[in-house]
Asker: 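Next up is a structure, given as structure tokens.
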Amino acid sequence: MTDDGDTDEHDAGLDAGAHPRLSAGQVAHVRRYGTVEDVDPDVVLYRRGDRAFDFFLVLHGAIEVRQEPGAATPEVVTVYRDGQFTGELALLNGQGSLVGTVTVAPTRVVRLRRAQLRRAMADEPELGRVVLGAFQARRLGYIARAQGTVVVAGPPADPATLALLRFLQRNDQPTRVLDPAATGAAAELAALGVDRSARMPVVVHRRGEYLEAPTIGAVAERIGLDEPLDDLGVADVAVVGAGPAGLAAAVYAASEGLATVVLEREAPGGQAGRSSLIENYPGFPLGLSGHELARSAQVQAHKFGARIVLPRRVARLDCSGSPFVLHLADGDVVAARTVVVATGAHYRRPDLPELDRFEGAGVHYAASALEAALCAGEEAVVVGGANSAGQAAMYLSRHAAHVHVLVRGPGLSAGMSEYLSRRLEASEDVTVHPCTEITALEGDRRLERVRVTDRRTGSSTTITTAAVFLMVGGEPNTGWLQGCLELDDHGFVRVGPAVARTADGSPADPFATSVPGVFAVGDVRAGSVKRVASAVGDGAVVVSAVHRHLTDSAGTPPASSRTSRGTAG
């Protein structure tokens, strides 16, 4: 990479749009929103890990973007000169910066605070597209080159190590994995300042600063992925769950001026975020991964001012008064005038002996690149007959020696899209076993084989495998709602006129629950169609019901939401 922010041929693909130079007109637009400052050389504008940092547009001079000293890749990431600007996605979402910046010459800049930048992007759409595109491209480049990383050191197949890696990677945190048993690992850990007696897994944020066998919450707090709630106040709408439905609700609510907070226990995307390829989502003929969809929706929500708070689990909803109070598992509370329940569903845990022992040690509920690497060159078993299982099987077939798909029913057609079932049945790398189920998991410290039984004949066979992917059925994530909302016999939230009425007795909105002001969308609501596009539609449409409730309960819409709301876009 050259020192003016341009890229060589090798990096051109990664850095497309990452380091634009603004036109004179765009520079003039930025100046209207910020303040012009002269900065001496060698002034640190912000450091890696800083949350409260600003956007800097270079008018004259140079700003160097740096990693922490001793990083795996070169310390200097790039240099921004006249017409270029600093920042990446962390500037919008309030998380810790992945890199630091320092002036390397007498430099004149335009400084914008986060609120000023968001206003400029909203008021100047073309400028917003350039800046947001650059921020996204930079984050993808950091991930691809392992820049601004945290180091996770631990046995690659260890459940605790895998859990940390899943969390970091699903939250787009550049991560480097270090196997303590690998040649040279001890020396590298020592160079990072990790004591040889440290308990694994170890997460190194910067040289000499690390966590031993940490919880996910502790890691999120240390590296700046969490978000404090001290200044939140009372939100217009609290969205619980950041799957496709929850993210869509956040995008539409925030874009219409509602004070919006999203509470997510793990990572944006929900169950759909673990899909390796979604091919039937309208507008994407080549398909896209669930992670890509979630990342884009998250950026949109941040762009409009929504706050996405993670990893925070909601333990209980107090719906006895107004505003509603959401009690979080860590003791914090969030107050909101309306609540959108978008917690989705999780795969059912079959009643199998030894399942607890092998979860994370050979038994998985997602098929991302992380899990695919664990079964490279070996046989893998996918249990389930719906689209998610089919997508997982096709993805894993590119890595595993062979993939076995176990279906309780007579075939795939009942629960899977035709294009996907045809593809599975035609693949030489996949074998579909109808009327078959797992009856035993076997192994020592890790899964080594499974016993499968033909339900028609009762005969059993053994498959040698270290990776089983359970993608069976769906159980709603509604335990935190017990005693508050009316649920059906399976635990899904009942909605619509059958359980709710408006104040004047007319039929309620289709997403209204038994408690006025609380709505349910996506897979968690009873009767929903389990498709990503359907969930996104739910999230978009429910915002109209939220507006109606806020207007009816207050007499007028919230001051922040009195905007024109058309039906297009």
Side-chain angles (χ1 to χ4, degrees), residues 88-95 118 121-122 125 128-129 131-133 135-137 139-140 143 167 169-173 225 227 235 237-284 286-312 340-344 366 368 388 511 519 521-524 528 530-544 546 568-569:
E88 57 100 29
L89 290 179
L91 182 55
L92 294 181
N93 59 29
Q95 295 176 353
R118 185 172 285 126
M121 292 172 63
R129 280 192 289 271
V131 172
L132 194 57
F135 283 4
Q136 289 182 287
R139 174 59 68 100
L140 293 175
I143 293 171
F167 171 74
Q169 292 179 6
R170 289 192 66 197
N171 283 286
D172 283 332
Q173 173 66 48
L225 281 176
E227 181 169 346
V237 55
V239 181
V240 186
L247 288 172
V251 168
Y252 277 84
S255 69
E256 296 183 7
L258 296 178
T260 304
V261 60
V262 183
L263 300 166
E264 166 57 44
R265 65 182 299 168
E266 183 181 357
Q271 196 176 73
R274 302 174 180 180
S275 296
S276 55
L277 186 65
I278 303 170
E279 292 189 73
N280 57 359
Y281 192 79
F284 293 87
L286 300 180
L288 77 168
S289 72
H291 184 73
E292 290 171 319
L293 178 65
R295 177 196 294 137
S296 297
Q298 181 184 12
V299 172
Q300 278 182 297
H302 281 306
K303 169 187 171 182
F304 291 119
R307 294 178 62 170
I308 299 179
V309 180
L310 54 88
R312 298 292 189 94
V340 174
V341 179
T343 42
S368 68
S388 55
F511 305 110
F519 306 89
V521 295
D523 289 359
V524 76
S528 66
K530 305 300 188 283
R531 290 289 186 269
V532 174
S534 175
V536 170
D538 281 8
V541 174
V542 75
V543 175
S544 296
V546 169

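Just so we're clear, the structure is a prediction, and the values are computed from it rather than from any experiment. In what follows, every heavy atom counts, from backbone to side chain, and hydrogens, waters and symmetry copies are set aside. Just so you know, residue 1 is the first one in the sequence shown, and it goes up from there.
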Asker: Would you mind telling me which of Leu247, Val239, Val261, Leu263 makes a side chain to side chain contact (heavy atoms under 4.5 Å, CB included) with Ile308?
Answerer: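 By the side chain to side chain contact (heavy atoms under 4.5 Å, CB included) criterion, Ile308 pairs with just one of Leu247, Val239, Val261, Leu263: Leu247.
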Asker: Any carboxylate oxygen within less than 4.0 angstrom of a Lys/Arg side-chain nitrogen, looking at Glu266 and Arg274?
Answerer: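 Looking at Arg274 together with Glu266, the answer is yes, because their closest N to O distance falls below 4.0 Å.
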Asker: Could you check whether any side-chain N or O of Asp538 sits under 3.5 Å from a backbone N or O of Ala245, counting only pairs where one atom can act as donor and the other as acceptor?
Answerer: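 No.
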Asker: Return the set of residues passing salt bridge (charged side-chain N to carboxylate O under 4.0 Å, His left out) with Arg118 (not counting sequence neighbours), or none when no residue passes.
Answerer: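 Once residues adjacent in sequence are excluded, Arg118 has no partner under the salt bridge (charged side-chain N to carboxylate O under 4.0 Å, His left out) criterion.
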Asker: Please confirm whether the backbone N or O of Ala90 pairs with a side-chain atom of Gln95, one donor and one acceptor, at under 3.5 Å?
Answerer: no
Asker: With a 4.5 Å limit on heavy-atom distance, are the side chains of Pro311 and Asn171 in contact?
Answerer: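 No, side chains not in contact.
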Asker: Tell me whether Thr260 contacts the main-chain N or O of Leu258 through its side chain, where contact means a donor paired with an acceptor under 3.5 Å.
Answerer: yes
Asker: Quick one: closest heavy-atom pair of Ala294 and Gly269, and the distance?
Answerer: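 For Ala294 versus Gly269, the nearest heavy atoms are CB-CA, 3.4 Å.
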Asker: So do Leu132 and Leu92 actually touch side chain to side chain, heavy atoms under 4.5 Å?
Answerer: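 The answer is yes, as the side chains (C-beta and beyond) meet within the 4.5 Å cut-off.
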Asker: With rounding to the nearest 0.5 angstrom, report the CG to OG distance, Asp523 to Ser528.
Answerer: 5.0 Å
Asker: Determine whether Val532 and Pro244 make a side-chain contact, defined as any pair of heavy atoms from C-beta on separated by less than 4.5 Å.
Answerer: yes
Asker: Walk me through whether Tyr252 and Val541 qualify under side chain to side chain contact (heavy atoms under 4.5 Å, CB included).
Answerer: CA-CA 9 Å; Tyr252 277 84; Val541 174; over 6 Å; no
Asker: Minimum heavy-atom separation for Val251 and Ala301, please, with both atom names.
Answerer: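 Result for this residue pair: CG2-N, 3.7 Å.
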Asker: Does the side chain to side chain contact (heavy atoms under 4.5 Å, CB included) test come out yes or no for Val521 and Val340, once each step is laid out?
Answerer: CA-CA 7 Å; Val521 295; Val340 174; 3.7 Å; yes
Asker: Can you tell me how far the CG atom of Asn93 sits from the CD atom of Gln298, to the nearest 0.5 Å?
Answerer: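 Answer for the CG-CD pair, Asn93 versus Gln298, is 6.5 Å.
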Asker: Which pair of heavy atoms, one from Ala533 and one from Tyr281, lies closest together, and at what distance?
Answerer: CA-CE1, 3.7 Å
Asker: Is any side-chain heavy atom of Leu225 closer than 4.5 Å to a side-chain heavy atom of Phe167?
Answerer: yes
Asker: Taking it one step at a time, do Glu264 and Val309 satisfy side chain to side chain contact (heavy atoms under 4.5 Å, CB included)?
Answerer: CA-CA 6 Å; Glu264 166 57 44; Val309 180; over 6 Å; no
Asker: Please give me the minimum heavy-atom distance between Phe519 and Val542, naming the atom from each residue.
Answerer: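 That closest heavy-atom pairing would be CB-CG2, 3.6 Å.
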Asker: By the salt bridge (Lys or Arg N to Asp or Glu O under 4.0 Å) test, which pairs, at least two apart or in different chains, include something from residues 293-305?
Answerer: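 Sorted result for residues 293-305: Asp172-Arg295.
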Asker: Is the count of non-hydrogen atoms from other residues, nucleotides or ligands lying under 6.0 Å from Arg139 atom CZ greater than 12?
Answerer: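 Enclosed: over 12 neighbouring heavy atoms sit under 6.0 Å from CZ of Arg139.
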Asker: If we ignore hydrogens and angles and just use 3.5 Å, is the side chain of Ser534 paired with the main-chain N or O of Arg531 as donor and acceptor?
Answerer: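 Between the backbone of Arg531 and the side chain of Ser534 there is no qualifying donor-acceptor contact (under 3.5 Å).
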Asker: Considering the options Val262, Val341, Thr343, which one meets the side chain to side chain contact (heavy atoms under 4.5 Å, CB included) requirement together with Val240?
Answerer: Thr343
Asker: What residues, two or more places apart in sequence or in another chain, satisfy salt bridge (charged side-chain N to carboxylate O under 4.0 Å, His left out) together with Arg307?
Answerer: Glu227, Asp231
Asker: First locate atom CZ of Phe304, then atom CE of Met121, and finally report the distance between them rounded to the nearest 0.5 Å.
Answerer: 9.5 Å
Asker: Please give me the minimum heavy-atom distance between Val543 and Ala253, naming the atom from each residue.
Answerer: CG2-N, 3.7 Å
Asker: For Glu292, is there any backbone N or O sitting under 3.5 Å from a side-chain donor or acceptor partner on Ser296?
Answerer: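 Side chain of Ser296 to backbone of Glu292, a donor-acceptor pair under 3.5 Å: yes, one is there.
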